[in-house]
Amino acid sequence: MKKALITGITGQDGSYLAELLLSKGYEVTGIIRRSSSFNTERLENIYQDPHVPSYRLRLVYGDLDDGGALTRTLRQVQPDEIYNLGAQSHVRVSFDAPEYTVSTVAMGTLRLLEAIRETGTKTRFYQASSSEMFGAAKPPQDENTPFMPQSPYACGKVFAHQLCQNYRNAYGLFIACGILFNHESPRRGIPFVTRKVTRAVARIKHGLDKKLYLGNLDARRDWGFAGDYVEAMWRMLQQDTPDDFVIATGESHSIRDLLDVAFGAAGLDWHQYVEIDPRYLRPTEVDHLEGNPTKARRVLGWEPKVRFKQLIEMMVRDDEEDIRSSLAGRAPRD
């Protein structure tokens with residue numbers, strides 16, 4: 001039985017990845033931060049009672065800011081594969097909390113790599129790199145496009161990405177970096193723009209809200225489904241040689257396109273409900289991200305299954321169902 005360790009397991013990607021690995025027979029250990037409240041809602045459908053001898057989903061306390069805890073976890077788990085998904089990943093928030101963001105994104109990766117070296121763990125390592133590293137670079141972006149980061153988050157990701165390349169070359173570690181473009185799902189956090197929009201559509205539809213406030217409506221992104229993208233992560237660690245891959249759909253859409261599809265799915269005209277709030281504008285904007293996934297298609301045999309319109313309509317349906325459940329007296333999903 002293979003063992004996998006996931007940082008950020010309680011997030012969108014971590015939960016989908018844990019499901020995938022469990023379905024493939026892995027024993028999965030997830031690192032979670034200690035909190036006074038539970039933050040494991042996304043894992044509820046795969047929760048396993050730890051009192052059952054054969055349970056394969058284990059959660060341990062730790063933090064990317066705590067190198068000692070990471071080292072102890074590696075010695076205890078001895079994972080065959082490590083997926084480093086943990087981060088403060090909200091780009092706009094990274095301008096307000098740059099030190100914390102860079103500590104988790106950049107230095108957290110360094111601490112984890114050093115824990116691997118210190119313990120001598122024989123493992124394969126996946127690094128969650130980001131399309132935000134390309135920033136102002138002209139689209140379409142691929143593995144050879146120069147990085148032009150436009151936020152503290154993106155700068156931290158560039159550091160972590162290049163550090164992984166350095167450790168791969170210097171120490172012979174099996175490290176694969178997935179440069180993932182925007183990927184969404186019904187599990188996406190509410191502050192992120194796609195979920196912010198689909199959640200607002202559901203609330204407006206049911207009379208709970210009257211307005212949705214957004215920033216730059218002209219920004220274009222390459223949006224895919226997170227459930228598809230975790231498959232690419234796993235495939236990267238099954239290769240004979242570690243490498244870096246852009247994971248994307250190869251299409252881009254504007255925020256206006258997002259609004260057209262999301263509000264249209266509920267039979268609404270977004271022009272009647274959306275207003276601009278300058279507080280949601282970034283100090284330095286990223287205008288257009290569109291990935292070229294040719295290498296991933298050729299080497300990994302990976303293709304996105306869920307396209308943009310299907311993805312957004314899926315998210316609207318899920319949020320509408322959540323609102324209906326809430327209005328019916330059942331506990332809503334976060």
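Owing to the predicted nature of the structure, the values given are computational and were not obtained by experimental measurement.
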*asked:* Tell me the closest heavy-atom pair linking H90 and Q88, and the distance in Å.
replied: N-OE1, 2.9 Å

*Could you tell me whether the side chain of T123 and the main chain of P79 form a donor-acceptor pair under 3.5 Å?*
yes

*Decide whether Q141 and D222 meet the rule of one side-chain donor and one side-chain acceptor closer than 3.5 Å.*
no

*Donor on one side chain, acceptor on other, Y229 and E231, under 3.5 Å*: no

*asked:* Looking at R282 and E132, is any side-chain nitrogen of the basic one under 4.0 Å from a carboxylate oxygen of the acidic one?
replied: yes

*Under 3.5 Å, is there a donor-acceptor pair between the side chain of T198 and the main chain of V316?*
no

*Parallel, tilted or perpendicular for F134 and F147, by the 30°/60° rule?*
tilted

*What distance separates L59 CG from L43 CG, expressed to the nearest 0.5 Å?*
6.0 Å

*asked:* On a heavy-atom basis, which atom in I276 and which in G215 lie closest, and how many Å separate them?
replied: CD1-O, 3.3 Å

*Flag the pair S130 / Y153 as yes when at least one side-chain heavy-atom distance between them is below 4.5 Å, and no otherwise.*
yes

*asked:* In the structure I gave you, are the side-chain heavy atoms of H183 and F225 within less than 4.5 Å of one another anywhere?
replied: no

*If we only count heavy atoms from C-beta on, is the E251 to T249 side-chain gap below 4.5 Å?*
yes

*What is the minimum heavy-atom distance between S129 and H161, and which atoms define it?*
OG-ND1, 2.8 Å

*Given the rule that I, L, V, M, F, W and Y join up when any side-chain heavy atoms are under 4.5 Å apart, are L20 and L22 in one cluster?*
yes

*Got D257 and R220 here, is their nearest side-chain heavy-atom distance under 4.5 Å?*
yes

*Quick one: does NZ or CZ of R195 land under 6.0 Å from the six-membered ring centre of F192, within 45 degrees of the ring axis?*
no

*Taking the six-membered ring of Y280, is the NZ or CZ of K196 close enough (under 6.0 Å from the centre) and on axis enough (within 45°)?*
yes

*Charged tip of R187 within 45° of Y16 ring normal and under 6.0 Å*: yes

_Path from I312 to M314 over hydrophobic side-chain contacts below 4.5 Å_ = yes

*Which value, rounded to the nearest 0.5 Å, describes the distance between Q76 atom CD and R72 atom CZ?*
10.0 Å

*So, are E81 and K3 salt-bridged, with charged N and O less than 4.0 Å apart?*
no

*With R117 as the cation and Y171 as the aromatic partner, state whether NZ or CZ is under 6.0 Å from the six-membered ring centre and within 45° of the axis.*
yes

*Are any of the side-chain nitrogens in D66 or R111 under 4.0 Å away from the carboxylate oxygens of its partner?*
no

*Between E184 and Q12, what is the shortest heavy-atom contact and its length?*
C-OE1, 3.3 Å

_A quick test of your reading: do over 12 heavy atoms of other residues, nucleotides or ligands sit less than 6.0 Å from NZ of K211?_
yes

*Do L212 and L259 come close enough that some side-chain heavy atom pair is under 4.5 Å?*
yes

_Could you check whether any side-chain N or O of R33 sits under 3.5 Å from a backbone N or O of G62, counting only pairs where one atom can act as donor and the other as acceptor?_
no

_If we count only N and O atoms by modelled type, under 3.5 Å, do the side chains of Q127 and Q165 hold a donor and an acceptor together?_
no

_K24 atom NZ, over 12 foreign heavy atoms within 6.0 Å_ = yes

_Are the side chains of T119 and T71 in contact, using a 4.5 Å heavy-atom criterion?_
yes

*asked:* If you count heavy atoms of other groups shown closer than 6.0 angstrom to CD of Q238, is the number above 12?
replied: yes

*What is the distance from atom CG of L70 to atom OG1 of T7, rounded to the nearest 0.5 Å?*
8.5 Å

_NZ/NE/NH1/NH2 to OD/OE distance under 4.0 Å, E313 and K309_ = yes

*Look up atom CG in N182 and atom CZ in R221, then write down how far apart they are to the nearest 0.5 Å.*
6.0 Å

*In terms of side-chain heavy atoms, does D322 have a donor or acceptor partner in S325 at a distance below 3.5 Å?*
no

_ILVMFWY network linking L268 to L217, side-chain heavy atoms under 4.5 angstrom_ = yes

*asked:* Return the CG to OG distance between N45 and S15, rounded to the nearest 0.5 Å.
replied: 7.5 Å

*Does the pair D244/R168 count as a salt bridge with the N-to-O cut at 4.0 Å?*
yes

*Mind listing the closest non-hydrogen atom pair of K2 and D80 along with its distance?*
CA-OD2, 3.4 Å

*Looking only at non-hydrogen atoms, find the nearest pair between E143 and K295 and report the distance.*
OE2-CB, 3.5 Å

*When rounded to the nearest 0.5 angstrom, what is the spacing between CG in L17 and CH2 in W234?*
11.0 Å

*asked:* Measuring only between side-chain heavy atoms, which start at C-beta, is I116 closer than 4.5 Å to Y167?
replied: no

